[in-house]
Amino acid sequence: MIDLRSDTVTQPTAAMREAMLRAPLGDDVFGDDPTVNALQERIAQITGKEAALFMPSGTQSNLCALMAHCERGDEYIVGQNAHTYRYEGGGAAVLGSIQPQPLVQNAQGEMALVDIAAAIKPVDCHFARTRLLALENTWNGHAMSQDYLAQATGLARRHGLATHLDGARLFNAAVAQAEGGSVTASVRRIVDHFDSVSVCFSKGLGAPVGSALCGSRELITKALRWRKVLGGGLRQSGLLAAAALHALDHHVDRLADDHALAQRLAQGLQGIAGLSVRSAQTNIVFVDVADGRGPALLEALKAQGVLATGLIGLRFVTHLNVDAAGIDHALACVRGFMQAPVGGATEGLKRSGVY
Ligand SMILES: *Cc1c(COP(=O)(O)O)cnc(C)c1O
């Protein structure tokens, strides 16, 4: 199978598994796991924040951040399609009594500055207390511009709001914007704008499990309490932290390979009639399929061992378990399907229910 559904599907490499087996362990709820502590120090240092907390998932990491920044009756400003608002089960409202104030985003994931300013409520008992601005980078594979990050977080700060970055794919953004310089410097240019950042180890970095929340010591102390409340206090989690440490040592620079493969895929798709590549930055390619053939194309790909997601717009994600041969196979399958007449063999079978 060539699995392009997400970069979460990666399998730990042999070297990563060895690192996990070698890791010294302790009870992390007592703060005793040396590998977890090493990871937390390492990611705090990379992001330039005072402290960090290892988390079982990005969802829990974002939720702990929201709950650490906001109290009951506070609100956070967030993109209408942002992960923390749309794809995390409404956790901020359900578990944090935090009111989301979602705003429309453009194709780059940006909320208009005027919309952000208008959404910040005056101090008045009629209103929820606007406390936090949350952004997401990369956004659908797009690395947000430094200008926008500076302007949006500057606006938030002038109004006394805290700022959080859902940086699930922060390292993809940093590698894409490193421009030959150091990736850590690029990471810092992004996260210096924010009070807190959540990063995933389980996506392009290739670890099986885990995220980290980074921020001030005070924020992380609050987040530690919420992580425990949410059931995220883990014991010998150094086994997992070892995988994340290994990923930071060996899988950051190679994200450039994933980005190159996404470009290879995008360029191939661009040449196929009936497809239009919507965006292809970092490791995610979105493509629109004409004549409502998206679902049938997905089925045809699956039958040939290629997995992707989507409906009208399909999504392909590259990662460390995909290579150029896999991308070329996927392209050949897409080309074959799109060149066959509409309602051809595969689609016909599908309509008749045989497929
Ligand atoms: C994957 C992802 C998360 C966290 O997801 P988990 O599956 O809970 O680890 C958060 N934000 C974004 C933008 C993501 O892509």
Side-chain angles (χ1 to χ4, degrees), residues 3-10 55-70 74-111 115-116 119 132-144 152 163-173 194 196-205 207-214 223 226-227 230-232 278-279 281-287 294-295 298 307-319:
D3 195 342
L4 302 170
R5 289 173 302 170
S6 177
D7 45 9
T8 55
V9 302
T10 53
M55 297 277 186
S57 71
T59 297
Q60 188 167 109
S61 185
N62 280 323
L63 180 55
C64 286
L66 296 176
M67 291 174 76
H69 281 296
C70 302
D74 289 353
E75 74 169 3
Y76 78 115
I77 295 176
V78 61
Q80 185 82 51
N81 289 310
H83 203 278
T84 64
Y85 172 62
R86 196 180 167 96
Y87 299 98
E88 296 180 7
V94 175
L95 300 166
S97 300
I98 301 161
Q99 164 170 288
Q101 167 61 73
L103 297 178
V104 171
Q105 295 162 282
N106 67 13
Q108 284 76 45
E110 301 168 352
M111 298 170 264
D115 290 349
I116 295 175
L132 177 74
L133 173 70
L135 300 182
E136 181 177 320
N137 191 20
T138 59
W139 168 260
N140 281 345
H142 170 79
M144 294 180 104
T163 51
H164 173 69
L165 178 65
D166 177 356
R169 296 189 178 88
L170 169 68
F171 286 97
N172 293 89
F194 295 89
S196 60
V197 57
S198 174
V199 297
C200 283
F201 302 115
S202 56
K203 296 206 160 150
L205 293 184
V209 174
S211 285
L213 177 65
C214 311
W226 289 125
R227 188 186 70 172
L230 295 170
R278 213 191 308 152
S279 71
Q281 282 201 319
T282 69
N283 68 329
I284 308 182
V285 179
F286 286 95
V287 58
L298 276 186
L307 300 179
T309 58
L311 282 170
I312 301 160
L314 303 192
R315 189 182 90 148
F316 300 87
V317 186
T318 56
H319 50 74

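If you're wondering where the values come from, they're calculated on a predicted model, not measured in any experiment. Only this structure's heavy atoms are used, side chains among them; waters, hydrogens and symmetry mates stay out.
- Applying the side-chain contact (heavy atoms from CB on, under 4.5 Å) test to A308 and every residue at least two apart in sequence or in another chain returns L298, F316.
- By the 4.5 Å heavy-atom criterion applied to side chains, I77 and M111 are counted as neighbours.
- By the 4.5 Å heavy-atom criterion applied to side chains, F286 and L314 are not counted as neighbours.
- Nearest approach of C70 to L132, heavy atoms of both residues: SG-CB, 3.9 Å.
- Applying the salt bridge (Lys or Arg N to Asp or Glu O under 4.0 Å) test to every pair with at least one member in residues 82-110, sequence neighbours left out, gives no pairs at all.
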*For T84 and E136, what are the C-alpha separation, side-chain angles and deciding distance, and is it a side-chain contact (heavy atoms from CB on, under 4.5 Å)?*
CA-CA 9 Å; T84 64; E136 181 177 320; 5.9 Å; no

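- With sequence neighbours left out, H142 forms a ring pair (Phe, Tyr, Trp, His ring centres under 6.0 Å) with no residue at all.
- Not counting sequence neighbours, the partners of T318 by the side-chain contact (heavy atoms from CB on, under 4.5 Å) test are D258, L261, A262, N283, I327.
- Considering all non-hydrogen atoms of both residues, S202 and T10 come closest at O-OG1, 4.4 Å.
- Residues meeting the side chain to side chain donor-acceptor pair (under 3.5 Å) test with S196, sequence neighbours left out: H69, H164.
- With sequence neighbours excluded, the residues satisfying side chain to side chain donor-acceptor pair (under 3.5 Å) with E75 are Q99, K121, T130.
- S198 and S61 share a donor-acceptor pair across their side chains, judged by distance under 3.5 Å alone.
- Shown here are the side chain to side chain donor-acceptor pair (under 3.5 Å) partners of N140, two or more places apart in sequence or in another chain: there are none.
- Looking only at side-chain heavy atoms (C-beta outward), W139 and Q105 come within less than 4.5 Å of each other.
- Among residues two or more places apart in sequence or in another chain, the side-chain contact (heavy atoms from CB on, under 4.5 Å) test is passed with L307 by M1, D3, R5, K302.
- For S57, the side chain to side chain donor-acceptor pair (under 3.5 Å) criterion is met by no residue, not counting sequence neighbours.
- Residues R315 and S6 form a side-chain contact, since some pair of their non-hydrogen atoms from C-beta on lies under 4.5 Å apart.
- Scored by the side-chain contact (heavy atoms from CB on, under 4.5 Å) test, A173 finds N137, T138, A143, I190 as partners (sequence neighbours excluded).
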